[in-house]
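Written out below as structure tokens is the structure these notes cover.
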Amino acid sequence: MRAATEQVLRPEEIPQACRQLTEEGARLQMAYAWFPEPGEPPEVLYLADRKPHEPFALLRCRLSGTEQSLDSLAPRFPLLGWYEREMMDLCGINFRGHPEPYPLVLHEGAHAVIPPLDPRYPHDQMVSFTAEPWQLPPMEGSDVQVLPFGPVRGDVLESAQIVFYYIGEAILHCHPRLFFKHRGMEKRFEGLLPELGVLLAERISGVDSVAHSLAFCQAVETACQCEIPERAKYLRVALAEMERLYNHLYYLGHLCHTTTLKVGEAQGKLLAEQCKQLNGIFTGSRFLRGLLKPGGLRRDLDLEALPQRLRKLEPEIAAYMRALETTNSHLDRLMTTGRLSRKTAFDEGATGPIKRASGIGRDLRSDHPYAAYAHLAMEKIPVRTDGDAHARAQVRMEEINNSISLLLQALENMPHGPVETKLSAQAGAEGLGWCEGPRGSTYYCVHFDGAGKLARVKVKSASFSNWRVFPFTVHDTNMMDYAINEASFGLTMAGCDR
Amino acid sequence: MPIWTLFGLKRGMATSSWPGKEDANLQTGVLGLPQFQPDRCQDGCRACAECCLPGAIGIEPGPSGERLTLDYGKCIACQLCTEVCPADAFRKSNDWAFGVRNREDLVWAEALASRPAQELTEKIQQCFRRSLHIRHVDAGSCNGCESELQALNNPYYNLHRLGIFFTPSPRFADLLLVTGSVTYAMREPLLETYNAMPEPRWVMAMGTCAISGGATGGGYSCAHGLEGILPVDMYVPGCPPNPAAMIHALLVLLNRAAQSVQGGHYVQ
Ligand code: SF4
Ligand code: SF4
């Protein structure tokens with residue numbers, strides 16, 4: 001696959017190869033499977049991120065006809081646990097010795113005639129479903145109460161179920177049950193032309209529309225060996241940072257909602273709304289949709305007047321963040337809440353602002369620059385080591401400042417010229433694309449079929465990674481802090497469930 | 001917390017005077033669903049239908065050759081048709097106030113039956129004289145629709161001032177507001193919520209996903225929105241509908257605003 005160095009291995013060689021990669025300082029990012037030919041056994045791929053500026057590493061392993069199973073790597077690399085369970089559900093691969101061998105993406109009681117990601121799976125056939133009881137951790141002790149909350153929760157929230165084991169106010173254990181919103185998005189790419197595939201990528205997680213469509217477009221461009229025009233690169237940076245801005249501002253407002261700081265909530269959401277309105281004025285879409293396409297942009301954008309609007313907003317944002325940082329009642333609720341250690345963050349796969357708040361200073365924009373990021377002066381990556389809700393908020397605040405700076409730089413240095421190149425995919429082309437979205441690293445792997453259409457698209461979203469990590473910060477805390485902690489992660493369900 | 005009191009006082013009021021004043025929707029520049037002018041269409045060109053991912057544009061045999069069909073209830077406002085059409089039969093527009101009571105009104109009709117303007121349903125008037133309480137259920141959205149629903153409570157749109165509230169309990173809800181294309185796993189929780197609501201109750205399909213599935217309907221894990229699952233009283237296409245379109249639809253439901261769309265035609 002282009003953009004990564006590959007090793008083709010036999011199943012039994014995989015564990016050793018993974019160990020070696022990590023010993024060399026690489027971090028595994030994800031694993032997925034696909035069916036290169038209908039009716040033939042699947043291929044499993046493992047992606048690892050080496051040191052900054054080094055190419056990604058990809059391990060590939062074709063399973064043999066008879067036995068579609070592999071040794072689970074989850075005991076050694078916990079962050080692979082969910083990817084393996086996903087492959088069990090969707091690709092029918094068995095992972096021997098998996099520490100949590102339960103369904104994940106498809107709920108208990110959902111039955112597919114053949115694995116849904118098999119290309120022979122009938123296109124419009126819903127899985128059959130009769131709700132079945134599902135595996136919950138066993139519990140001893142008569143004082144412990146179990147409270148399932150959701151999937152329909154209060155307010156306007158995305159659907160998910162959180163099961164609390166608690167005594168009084170103290171949470172002993174938290175067991176999220178997710179994937180109520182699994183829409184089978186990866187399957188939908190099958191057979192599409194990339195120009196239409198990008199519409200799906202925009203709809204994986206609405207508030208990360210640019211992050212997803214950008215990673216998708218870059219994967220397709222890499223597969224097609226297509227170099228996009230300079231102006232398109234700068235415009236893409238501008239769009240990506242506009243997306244970060246409204247997301248992070250909304251995040252701060254929502255965090256105030258959970259600490260009951262009313263004016264702070266109103267102001268954060270007001271600033272986020274102003275950014276969305278700017279998106280609408282300058283691009284026609286409050287979610288910056290309908291702009292990116294493989295090969296560049298669908299149309300040129302006139303952003304001449306944007307810097308002036310941003311400069312007006314900048315002092316307001318700065319004053320807002322200063323006020324938050326001097327409000328003791330707010331800070332009291334955030335500090336020490338939902339601690340995530342560096343080790344857990346690293347092992348369980350935390351990404352984006354979450355990992356940076358736990359001391360891992362990595363950011364794809366500077367480590368593996370794409371679009372025009374290499375030409376722009378990036379501030380230092382904001383890092384905190386406390387790993388609590390306050391650290392997570394602080395990282396995002398600093399990122400807001402950096403975003404504005406990057407955005408202004410991109411607008412100032414915007415080259416003139418065309419915004420798209422024509423591209424076409426050769427039979428069997430493959431590519432990897434990535435993007436540091438507001439919620440963290442987003443990866444897309446695309447495989448083309450013989451006719452230049454998409455055969456398989458794997459989506460690794462930031463929220464999938466961070467939802468896996470989140471419960472580790474909830475065990476042994478208290479009910480009062482739960483909502484604050486969840487808000488401090490800033491997750492989306494749609495991105496996780498896909 | 002005196003700093004926040006001061007902050008609030010200094011910031012002053014942000015709430016738009018909408019509805020009422022002109023150009024106060026706060027949606028400047030926001031593209032809506034495409035405008036359709038079939039008489040411009042060139043014979044034999046199928047460019048638009050071929051690029052329409054959710055199948056909102058179709059082709060059927062007409063009296064003189066092929067004819068285009070258009071269903072706004074499936075449109076995700078991706079704008080592709082407006083970019084590929086060589087004859088400007090599809091054009092970008094700012095028409096976003098697309099909430100309708102009848103599904104048929106989203107389907108393009110050649111000849112517009114001249115119907116009486118909105119008949120006021122007295123039942124609704126009586127029930128909602130004071131306020132409306134909404135229970136929202138996310139039945140498998142991309143979170144875009146939620147993001148705009150959450151925006152309704154920001155200081156600009158300030159939904160409360162219109163006497164419209166979100167409520168956590170279905171028992172206090174008058175309106176079930178559904179987003180998403182209804183996954184197999186959300187079907188039961190959705191129906192349970194509906195069944196827990198007291199009568200009379202209404203259902204609003206918010207966003208193209210909830211109307212027909214849009215870009216995410218069908219496949220191994222989704223239905224086609226509320227089609228065949230619940231009776232719908234108000235359809236609001238858009239991907240997502242912007243906050244002003246959402247408010248407009250709520251007011252149409254309450255007979256406090258006029259519907260803008262009839263037989264697929266947008267009337268200002
Ligand atoms: S804007 Fe609507 S009608 Fe046009 S191509 Fe997109 S979905 Fe189809
Ligand atoms: S209608 Fe569009 S914005 Fe709304 S949930 Fe569906 S894909 Fe997302």
Side-chain angles (χ1 to χ4, degrees), chain A residues 107 110 112 116 121 123-127 129 131 151-152 154-159 179-185 187-188 195-196 199-200 203-207 209 261-264 266-267 269-270 272-273 276-277 280-282 284-287 289-290 298-299 323 326-327 329 492-495, chain B residues 1 3-5 7-8 11 14 26-31 51 53 76-80 83 92 136-151 153-157 166 168 180-181 183-190 192-193 214-216 218-223 239-240 242:
Chain A
H107 282 185
Y121 187 93
H123 255 278
D124 223 358
Q125 182 176 327
M126 205 200 264
V127 294
F129 180 65
V152 181
D155 273 347
V156 176
L157 280 182
E158 289 188 272
S159 295
F179 300 95
F180 281 89
K181 297 180 56 161
H182 178 62
R183 291 164 289 158
M185 291 302 279
K187 177 85 177 169
R188 295 178 197 281
E195 301 87 272
L196 294 183
L199 302 180
L200 286 179
R203 283 159 183 82
I204 300 241
S205 171
V207 288
S209 290
L261 185 63
K262 289 286 177 205
V263 186
Q267 179 68 2
K269 295 186 176 175
L270 182 134
E273 171 67 24
K276 271 187 175 175
Q277 287 175 16
I281 292 169
F282 286 95
S285 162
R286 288 164 57 91
F287 292 83
R289 280 179 172 171
R298 272 161 59 179
R299 58 192 159 87
T326 49
T327 304
S329 64
T492 78
M493 237 32 271
Chain B
M1 247 172 304
I3 62 156
W4 288 103
T5 316
F7 200 109
R11 186 61 190 77
L26 308 166
Q27 306 306 320
T28 312
V30 173
L31 294 173
C51 76
L53 178 70
I76 56 170
C78 71
Q79 315 293 340
L80 273 183
E83 288 164 23
K92 291 193 170 65
H136 159 253
V137 173
D138 161 19
S141 70
C142 78
N143 193 31
C145 281
E146 276 70 23
S147 178
E148 294 297 52
L149 282 170
Q150 287 157 352
N153 281 335
N154 78 33
Y156 277 111
Y157 305 105
F166 285 95
S181 46
T183 61
Y184 74 89
M186 278 312 294
R187 186 191 164 101
E188 267 313 302
L190 170 69
E192 269 171 37
T193 309
T216 70
Y220 67 82
S221 90
C222 287
C239 188
N242 66 47

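Every chain is numbered from 1, with letters handed out A, B, ... down the list of sequences. Keep in mind that what you see is a predicted model, and the values were worked out from it rather than measured.
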Counting heavy-atom pairs closer than 4.5 Å to chain A, which one of [options] comes out on top?
options: B/S141, B/S147, B/C222; result: B/S141
options: B/E188, B/E83, B/E192; result: B/E83
options: B/G140, B/P168, B/C51; result: B/G140
options: B/N143, B/V30, B/N153, B/L31; result: B/N143

Only one of A/R183, A/Q125, A/H182, A/H123 passes side-chain hydrogen bond (donor to acceptor under 3.5 Å, both in side chains) with B/Y220, and that residue is A/H182
Minimum side-chain heavy-atom gap B/M186-A/P151 below 4.5 Å
yes
Where the side chain of [X] meets the backbone of [Y], is there a donor-acceptor pair that is under 3.5 Å apart?
X: A/S159; Y: B/A139; answer: no
X: A/R289; Y: B/C239; answer: yes
X: B/Q150; Y: A/V156; answer: yes

Is [X] in contact with chain B via its backbone, its side chain, both, or neither, using a 4.5 Å heavy-atom distance?
X: A/F180; value: both
X: A/I204; value: backbone
X: A/A112; value: neither
X: A/R188; value: side chain
X: A/K276; value: side chain
X: A/Y121; value: side chain

Verify side chain to side chain contact (heavy atoms under 4.5 Å, CB included) between A/R299 and B/Q79, making sure each step is shown before the conclusion.
CA-CA 11 Å; A/R299 58 192 159 87; B/Q79 315 293 340; 5.8 Å; no
To the nearest 0.5 angstrom, please state how far the [atom1] atom of [X] sits from the [atom2] atom of [Y].
X: B/S221; Y: A/F129; atom1: OG; atom2: CZ; result: 11.5 Å
X: A/K181; Y: B/T183; atom1: NZ; atom2: OG1; result: 9.0 Å
X: A/R286; Y: B/N242; atom1: CZ; atom2: CG; result: 6.5 Å
X: A/L199; Y: B/I76; atom1: CG; atom2: CD1; result: 5.0 Å
X: B/C78; Y: A/E195; atom1: SG; atom2: CD; result: 12.0 Å
X: B/Y184; Y: A/H107; atom1: OH; atom2: NE2; result: 5.5 Å

Where on [X] is there a heavy atom nearer than 4.5 Å to chain A: the side chain, the backbone, both, or neither?
X: B/L190; value: neither
X: B/F166; value: side chain
X: B/E148; value: both
X: B/T193; value: side chain
X: B/E146; value: both

Relative to chain B, which of [options] shows the most heavy atom pairs under 4.5 Å?
options: A/S209, A/G290, A/S285, A/G264; result: A/G264
options: A/M493, A/K187, A/Q267; result: A/Q267
options: A/L270, A/I281, A/V207, A/L200; result: A/L270
options: A/A272, A/S205, A/G495, A/P116; result: A/P116
options: A/A131, A/G284, A/G154; result: A/G284
options: A/M185, A/R298, A/K269; result: A/R298

Minimum heavy-atom distance B/G144-A/F287, with the two atoms named:
O-CZ, 3.6 Å
For A/V152 and B/P189, work out which heavy atoms get closest and say how close.
CG2-CB, 4.1 Å
Step-by-step side chain to side chain contact (heavy atoms under 4.5 Å, CB included) determination, A/Q277 to B/T28:
CA-CA 8 Å; A/Q277 287 175 16; B/T28 312; over 6 Å; no
